[in-house]
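Below is one structure, written out as structure tokens; comments come after it.
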Amino acid sequence: MTPGKRKVAVVGVSLSDCGRVDDATPYALHAQAARRALADAGMDRSLVDGFASAGLGTLPPVEVAEYLGLRPTWVDSTAVGGSTWEVMAAHATDAIAAGHAEAVLLVYGSTARADIKAGRRTGNLSFGARGPLQFEVPYGHTLIAKYAMAARRHMHAYGTTLEQLASVAVQARANAALNPEAMFRTPITTDDVLSGPMIADPFTKLHCCLRSDGGAAVLLAAEEYVRDCRTAPVWILGTGEHVSHTTMSEWPDFTVSPAAVSGRLAFERAGVRPDEIDVAELYDAFTYMTLVTLEDLGFCAKGEGGEFVKKGRLTVGGELPVNTDGGGLSAQHPGMRGLFLLVEAVRQLRGEAGERQVRKTGGRLPELAVASGTGGWFCSSGTVVLGRG
């Protein structure tokens, strides 16, 4: 934080009902998550003067703010896919630090799963055929296929194996088994992952995130509000954001994600090193995302992600617990999941994660966490470093 600027803390986090939610609208999930986050902080909604949301309504976040009964004087509707919420958290932190807002609420909610089951929408095969995408759509590139191409390139360049990628899913499920809120908790094996139905080579079904309903909320506030909050503060230490490409032909290297830039910036601004991080919450729509993000954040060298993940490091009791709630592969994935990463990171630093709580030597709580979201097909990245007060 620049000298002379206010410190910013996360003072409230929550999830709405998640998993299979057939009797709620996306607006209702937004409201449920928001109310729970305010209750978690012990803060009255009248103090919230900043609001950030994306993905719902014709005029997001105006419609959602109106639904929640808020009239913010600072607003953000940045939409960069799954990294939206880390980028929004960065913007909100800057606004609060500069005195442009006092308390900012970030909220998301989606009934993606229920809508498909009820026939209100179909699975997205394409993001459209206008603009730069018109040069790729005729070739049948779905979002999943683009990630699959990138994974194949990493396998070709560095010898990464299907078994190593599968181990990411296995460890995510092991973490989910400890999370009563996770959608899928039954343990899986590498063979289970490898023998599943093919979705986009090399990804079988269990290499891909689940589709769920659910919402989340995160409340950030200036340091002077912390003493009146119900929960212990988790401080925003540093943030970074970066956009890379939208057209695959403009992506310089399929084996390098934009987290290589956003992560470097976040760690530099926080004044910490990757090897000091106790918990990592990473966007994992596909197993390859976890592996390459670990490399790009500096937890291992480029090309060494396969060896790094196969040793069981990612479980709650491992050397670097990753996606401790089970991640998008096993816990929940209602669309732009980046806000869930922040919720889980805060819960871990507070010591509120129950059976999946990470403990350091001597039973101490973790002190530093990183949340890194990815948007599009590695098009954007936002990284946030958080620390316990």
Is a donor from one side chain sitting under 3.5 angstrom from an acceptor on the other, for S330 and R173? yes
Side chains of L320 and L294: closer than 4.5 Å at any heavy-atom pair? yes
Here the gap from S53 atom OG to D76 atom CG, rounded to the nearest 0.5 Å, amounts to 10.0 Å
Looking at M88 and A52, what are the two nearest heavy atoms and their distance? SD-CB, 3.6 Å
Looking at L237, V279, L386, L349, which one forms a side-chain contact (heavy atoms from CB on, under 4.5 Å) with L368? L237
I want to check something: taking the side chain as every heavy atom from C-beta on, are L329 and T287 in contact at a cut-off of under 4.5 Å? yes
If we ignore angles and hydrogens, is there a donor and acceptor under 3.5 Å between the side chains of R337 and Q332? yes
Under 3.5 Å, is there a donor-acceptor pair between the side chain of E86 and the main chain of G382? no
E223 vs V8 side-chain heavy atoms within contact, under 4.5 Å: no
Quick one: do K302 and D296 satisfy salt bridge (charged side-chain N to carboxylate O under 4.0 Å, His left out)? Show the steps, please. CA-CA 7 Å; K302 179 54 61 181; D296 291 335; 2.7 Å; yes
Scan side-chain atoms only and decide if S381 and H242 contain a donor-acceptor pair under the 3.5 Å cut-off. no
Donor-acceptor pair, T383 side chain versus T239 backbone, under 3.5 Å? no
Donor-acceptor contact present, side-chain W377 to main-chain A150, <3.5 Å: no
Hey, is R313 close enough to E319 for a salt bridge, meaning N to O under 4.0 Å? yes
Would you say the ring centroid of Y283 lies under 6.0 angstrom from that of H333? yes
Got L106 and L339 here, is their nearest side-chain heavy-atom distance under 4.5 Å? yes
Is there a path of hydrophobic side-chain contacts, each under 4.5 Å between heavy atoms of I, L, V, M, F, W or Y residues, that connects I96 with V10? yes
Tell me whether R36 contacts the main-chain N or O of L15 through its side chain, where contact means a donor paired with an acceptor under 3.5 Å. yes
Taking all non-hydrogen atoms of both residues into account, name the closest pair between P258 and C379 and its distance. CG-C, 4.2 Å
Any Lys/Arg nitrogen of K146 or E136 sitting under 4.0 Å from an Asp/Glu carboxylate oxygen of the other? yes
Looking at S110 and P334, would you say the former's side chain and the latter's main chain have a donor-acceptor pair under 3.5 Å? yes
Check: V80 main-chain N/O paired with S380 side-chain donor or acceptor under 3.5 Å: yes
Between the side chains of E181 and R347, is the shortest nitrogen-to-carboxylate-oxygen separation below 4.0 Å, so that they form an ion pair? yes
Enumerate the salt bridge (Lys or Arg N to Asp or Glu O under 4.0 Å) contacts for residues 188-204, please, sequence neighbours excluded, ordered by first and then second residue. R152-D201
Is there a donor in the side chain of Y27 and an acceptor in the side chain of E63, or the other way round, less than 3.5 Å apart? yes
In one Ile/Leu/Val/Met/Phe/Trp/Tyr side-chain cluster, 4.5 Å: L162, F308: yes
Is the positively charged end of R130 above the ring of F135, judged by distance under 6.0 angstrom from the centroid and angle within 45° of the axis? no
Carboxylate-amine/guanidinium proximity below 4.0 Å for D22 and R113: yes
Heavy-atom check, side chain of F267 versus side chain of I277, under 4.5 Å: yes
Distance flag, aromatic centroids of H154 and Y288, threshold under 6.0 Å: yes
Please walk me through it: do K117 and D213 pass salt bridge (charged side-chain N to carboxylate O under 4.0 Å, His left out)? CA-CA 11 Å; K117 294 295 183 182; D213 308 309; over 6 Å; no
Could you check whether any side-chain heavy atom of T78 comes within less than 4.5 Å of a side-chain heavy atom of H91, counting everything from C-beta outward? yes
Determine whether a donor-acceptor pair (N or O, by modelled atom type, separation under 3.5 Å) exists between the side chain of T247 and the backbone of S249. no
Does E224 pair with R6 as a salt bridge, N-O distance under 4.0 Å? yes
So which heavy atom on H30 is nearest to which on L56, and how close? CE1-CD2, 3.4 Å
Please report the closest heavy-atom contact between L220 and A89, naming both atoms and the distance. CD2-O, 4.3 Å
Check ion pair D40-R230 (N to O, under 4.0 angstrom): yes
Among the clusters formed by ILVMFWY side chains lying less than 4.5 Å apart, do M183 and V316 turn up in the same one? no
Do any N or O atoms from the side chain of Q171 and from the backbone of S167 form a donor-acceptor pair under 3.5 angstrom? yes
How are the rings of W251 and H245 set to each other: parallel, tilted or perpendicular (split at 30° and 60°)? parallel
Determine yes or no for a side-chain-to-main-chain donor-acceptor pair under 3.5 angstrom, with D284 supplying the side chain and G328 the backbone. yes
F203 ring center near F286 ring center (under 6.0 Å): yes
Just so I know, are the side chains of P321 and V358 near enough to count as touching, which here means a heavy-atom distance under 4.5 Å? yes
Could you check whether any side-chain N or O of T25 sits under 3.5 Å from a backbone N or O of A28, counting only pairs where one atom can act as donor and the other as acceptor? yes
Give the C-alpha distance, both sets of side-chain angles, the deciding distance and a yes or no for side chain to side chain contact (heavy atoms under 4.5 Å, CB included) between I188 and V193. CA-CA 7 Å; I188 57 175; V193 181; 4.0 Å; yes
Atom pair OG (S372) and CD (E281), whose distance is rounded to the nearest 0.5 Å: 11.0 Å
Test item: T204 and L194 side chains (from C-beta on) under 4.5 Å apart, heavy atoms: no
Could you pull out the closest heavy-atom pair between A34 and L105, with the gap in Å? CB-CD2, 3.9 Å
Given T324, which partner from the list Q357, R356, Q348 fulfils the side-chain hydrogen bond (donor to acceptor under 3.5 Å, both in side chains) test? Q348
Taking the basic N atoms (NZ, or NE/NH1/NH2) and the acidic carboxylate oxygens, is any pair closer than 4.0 Å for R71 and D49? no
Charged N-O contact under 4.0 Å between D278 and R359: no
Please determine whether a side-chain nitrogen of the Lys or Arg among D325 and R185 lies less than 4.0 Å from a carboxylate oxygen of the Asp or Glu. no
Can the ring centres of Y147 and F378 be said to be less than 6.0 Å apart? yes
